[in-house]
Amino acid sequence: MSKTLPTPLRVRFAPSPTGYLHVGGARTALHNWLLARRYGGVFLLRIEDTDRARSTDESTRAIFEGLEWLGLTWDEEVTYQGANLARHQADAQRLLEAGAVYRCFCTPAELEHRRAEAEARGDAFRYDRRCDRLAPDEIQRRVASGDPFVLRFRVPDGSTEWDDLVHGQITFPNKDIEDFVILRSDGTPIYNMAVVSDDIDARVTVVMRGDDHISNTPKQILLYTALGAPLPVFAHLPMIHGTDGKKLSKRHGAMAVGDYRHQGILPSAMDNFLALLGWSPGGDIEVMTMQEMIERFSPDGLLKKASVFDLKKLEWMNGQHLNMLPLEQIEPLITPAIVDAGLATRDWLAANHAWYMKLLELLRVRSRTVSDIVRQAAPYFGDAVDLDPDAVAKQWKDPVTPELLGEARDALAAASDWSEGPLEEALRGVAERRGLGAGKLFQPLRVALTGSSVSPGIFDVLLLLGRERSLARIDTALQVLAR
RNA sequence: GGCGGUAUCGUCUAGGGGACUAGGACACAGCCCUCUCAAGGCUGGAACACGGGUUCGAAUCCCGUUACCGCUACCA
């Protein structure tokens, strides 16, 4: 049974720019985006920069970059909460005039004191509404004399409930909700006020966010109602935890999507992996392109349970995408890393396009990340190779190695043509004459050619390197062995 | 403490009263393939938190307990 979505469908992602775009935020953004794309809705981006002390332009940029990298494009101009101060204040003022809120002159110090007292008694502190009982002339007097005050919402009796898109019915008895502040004594709005005002203004019809906001929701519903605005549908997505079951934080390793980008994760793999944290298309489907995710996304598949971020599975997923996507699509994501590693210039790669594509084709099968590819690509660029000491120790330890390599060199040099058929014939011939299994010859040769005991098939390596470099590397190996 | 939320292999999950001897994937182990490494194929170990109901029948519905998570600011 699928729940009905409102029309028009307008969703938003509203991060506060106090850091980078972390995986939890990215997942929330992705689910919002997927919902909008699947059902023809509008995806909005609002930067909640009201906490001026912690907000930075740099993290705003990081959020844009992160979203763009993930392919989560927004449909209307970005809005900034900080720019809406006047409206927030006007809405708060409206609430005061309508009698839904009252002035509270209690100072933070007083409140803190009473809170400490209640705690000492083992009681839960709840604002006692004493300022709501002030006589009108007393209020007038204190306002006139310039006493600072905040605006508090007068929570009515009864209960507040809603039908959450992911959790179903959730009910809060109003007696458990304290008369919360909506406007500080300096005239700036508290989060719940700003959010509601902005969501009403942006005509947001589905508020999908982390379930750490569940306890804010009744307060926000109260505000919508007092403001006479229609309620959006609420959807509370489960949290993402670290491997210890706790909320994700620095000690769990990388949290920022940018970190994964730099570790060589493909955006589509990141999206795929993140989408599956808290959502399932049902059945055994796992690896999907963005398009497939859009087609299959549904609020019915949204899960309630917090999930644990498993890096191993992300890497596996990345390997799947690395091999599934058309080479033309992933090449632009790999080339910058190749260039940054100093292996080749963009121009050189462009001039040797066919060779480069062949290399990538060979390496991507045995890689899980872009970084893996770069690491493995090194031996194919330039003339010299770095010999891996362990590989040398293991593969060249047999005293006949020099003889063997020399023979292989001569056979290769004598090949009628530098192509797979003749090369294979040459090498297999050597192995046969010496009564050796192919591996006994190929492994020492692999080390001579690539410096490593791990590489693509030996004939592919020979082709990639070309005749000249292949023979030269064997010669170098023979010199090393002669010492 | 109060309030709210959640509970299937180590992890991501399928399942929504009988198809469950609980399926898939990651990870792990073994085997196959094989010039190495990957990829791929096959096999294995591994879960319905606990207790009560309801029902002919419960992983599935209800209640309780426990555990975990979140919120509990003139933070967002």
- Task: Could you walk me through whether H167(A) and F234(A) pass the ring-ring contact (aromatic ring centres under 6.0 Å, His included) test, one step at a time?
- Result: CA-CA 9 Å; H167(A) 292 270; F234(A) 291 96; over 10 Å; no

- Which of parallel (below 30°), tilted (30 to 60°) and perpendicular (above 60°) describes F459(A) and F442(A)? perpendicular

- Walking RNA chain B from its 5' end, the first of S280(A) and Q443(A) to be reached, judged by nearest nucleotide, is S280(A)

- May I ask you to say whether R154(A) pairs ionically with D179(A), meaning some side-chain N is under 4.0 Å from a carboxylate O? no

- Query: Using purine N1 to pyrimidine N3 plus N6-O4 or O6-N4 for Watson-Crick, or N1-O2 and O6-N3 for G-U wobble, each under 3.5 Å, what pairs with U21(B)?
  - Reply: none

- Task: Using the six-membered ring of F105(A), assess whether NZ or CZ of R142(A) lies under 6.0 Å from its centre and within 45 degrees of the ring axis.
- Result: yes

- Message: For a quick check, with a 4.0 angstrom heavy-atom cut-off, what is the B/S/- contact string for nucleotides 2-9 of chain B, read 5' to 3'?
- Response: -SSSSSS-

- Pick the P atom in A38(B) and in A29(B), then give their distance to the nearest Å. 11 Å

- Between L314(A) and P148(A), the residue closer to the 5' end of RNA chain B by nearest nucleotide is L314(A)

- Which is true for Q320(A) with a 4.0 Å heavy-atom rule: it touches a base, it touches only sugar-phosphate, or it touches nothing? sugar-phosphate

- Sticking with atom P, work out how far C28(B) lies from A19(B), rounded to a whole angstrom. 34 Å

- Query: Contact class for P456(A) vs. all strands (heavy atom < 4.0 Å): base, sugar-phosphate, or nothing?
  - Reply: base

- Message: If you count heavy atoms of other groups shown closer than 6.0 angstrom to CG of D186(A), is the number above 12?
- Response: yes

- Could you tell me which nucleotide pairs with A49(B) by Watson-Crick or G-U wobble geometry, both distances under 3.5 Å, or answer none if nothing does? U65(B)

- Query: Is the closest basic N to carboxylate O distance between E425(A) and R428(A) below 4.0 Å?
  - Reply: no

- Side chain of E178(A) - closest among C35(B), A73(B), C26(B): A73(B)

- Using a 4.0 Å heavy-atom cut-off across all strands, classify G278(A) as base, sugar-phosphate, or nothing. sugar-phosphate

- Task: For N216(A), answer base if it contacts any base atom (sugar-phosphate contacts may also be present), sugar-phosphate if it contacts only those atoms, and nothing otherwise; contact means non-hydrogen atoms under 4.0 Å.
- Result: base

- Query: Between R366(A) and G40(B), does any side-chain N or O lie under 4.0 Å from OP1 or OP2?
  - Reply: no

- Should C35(B) form a Watson-Crick or G-U wobble pair with both distances under 3.5 Å, which nucleotide is its partner? none

- Does a side-chain N or O from R368(A) land closer than 4.0 Å to OP1 or OP2 of A38(B), or not? no

- Task: Identify the nucleotide, in any strand shown, that forms a Watson-Crick or G-U wobble pair with U55(B), with both distances under 3.5 Å; if there is none, say none.
- Result: none

- Message: Using a 4.0 Å heavy-atom cut-off, does S453(A) contact any base of the nucleic acid, only the sugar-phosphate backbone, or nothing at all?
- Response: base

- Task: Would you please indicate yes or no on a ring centroid separation below 6.0 angstrom for Y356(A) and Y380(A)?
- Result: no

- Query: With a 4.0 Å cut-off on heavy atoms, is L277(A) in touch with a base, just the backbone sugar-phosphate, or nothing at all?
  - Reply: sugar-phosphate

- Task: Provide the distance between the two C1' atoms, one in G15(B) and one in C61(B), to the nearest whole Å.
- Result: 15 Å

- Message: Measuring only the C1' atom in each nucleotide, how far is G18(B) from A58(B)? A whole number of Å is fine.
- Response: 10 Å

- Message: I'd like to know if K313(A) reaches the base of A27(B) with its side chain, counting only an N/O donor and acceptor under 3.5 Å.
- Response: no

- Is V150(A) touching bases, backbone alone, or none of the nucleic acid, heavy atoms closer than 4.0 Å? base

- Note on the structure: If pairing means Watson-Crick or G-U wobble with both distances under 3.5 Å, then the partner of G44(B) is C28(B)

- Task: Take the angle between the ring planes of Y191(A) and H213(A) and call it parallel below 30°, perpendicular above 60°, tilted in between.
- Result: parallel

- As its Watson-Crick or G-U partner within any shown strand, both distances under 3.5 Å, A14(B) has none

- Query: At under 4.0 Å between heavy atoms, what does E48(A) touch on the DNA or RNA strands: base, sugar-phosphate, or nothing?
  - Reply: sugar-phosphate

- Ignoring hydrogens and angles, state whether a donor on the side chain of S280(A) or R296(A) is under 3.5 Å from an acceptor on the partner side chain. no

- Pairwise C1' distance, A49(B) and C68(B) [rounded to whole Å]: 11 Å

- Message: Between A22(B) and U60(B), how far apart are the two C1' atoms, rounded to whole Å?
- Response: 12 Å

- Message: So for S455(A) and C37(B), does any side-chain atom that can act as donor or acceptor lie under 3.5 Å from a complementary atom in the base?
- Response: no

- Nearest to side-chain heavy atoms of I458(A), which nucleotide of C35(B), C12(B), A27(B): C35(B)

- Query: Any Lys/Arg nitrogen of R130(A) or D128(A) sitting under 4.0 Å from an Asp/Glu carboxylate oxygen of the other?
  - Reply: yes

- Query: What nucleotide, of C26(B), A76(B), C12(B), holds the atom closest to the side chain of R54(A)?
  - Reply: A76(B)

- Item | Atom P, compared across G23(B) and G16(B): separation rounded to whole Å | 14 Å

- Answer yes or no: side-chain N or O of N192(A) and base N or O of A76(B) forming a donor-acceptor pair under 3.5 Å. no

- Message: Any base atoms under 4.0 Å from G283(A), or only sugar-phosphate, or nothing? Heavy atoms, all strands.
- Response: sugar-phosphate

- Could you work out the separation of A27(B) and U11(B) based on their P atoms and round it to a whole Å? 16 Å

- Task: Using a 4.0 Å heavy-atom cut-off across all strands, classify T188(A) as base, sugar-phosphate, or nothing.
- Result: nothing

- For atom CD of E119(A), decide whether the heavy atoms of other residues, nucleotides or ligands shown that lie under 6.0 angstrom number more than 12. no

- Message: Under 4.0 Å, counting only non-hydrogen atoms across every strand here, what does L276(A) touch: a base, just sugar-phosphate, or nothing?
- Response: sugar-phosphate

- Item | Touch class at under 4.0 angstrom, heavy-atom based, for L363(A) against every strand present | nothing

- Message: Categorize S307(A) for me: base, sugar-phosphate, or nothing, with a 4.0 angstrom heavy-atom threshold over every strand shown.
- Response: sugar-phosphate

- Query: Which part of the nucleic acid does V365(A) contact within heavy-atom distance under 4.0 Å: base, sugar-phosphate only, or nothing?
  - Reply: base

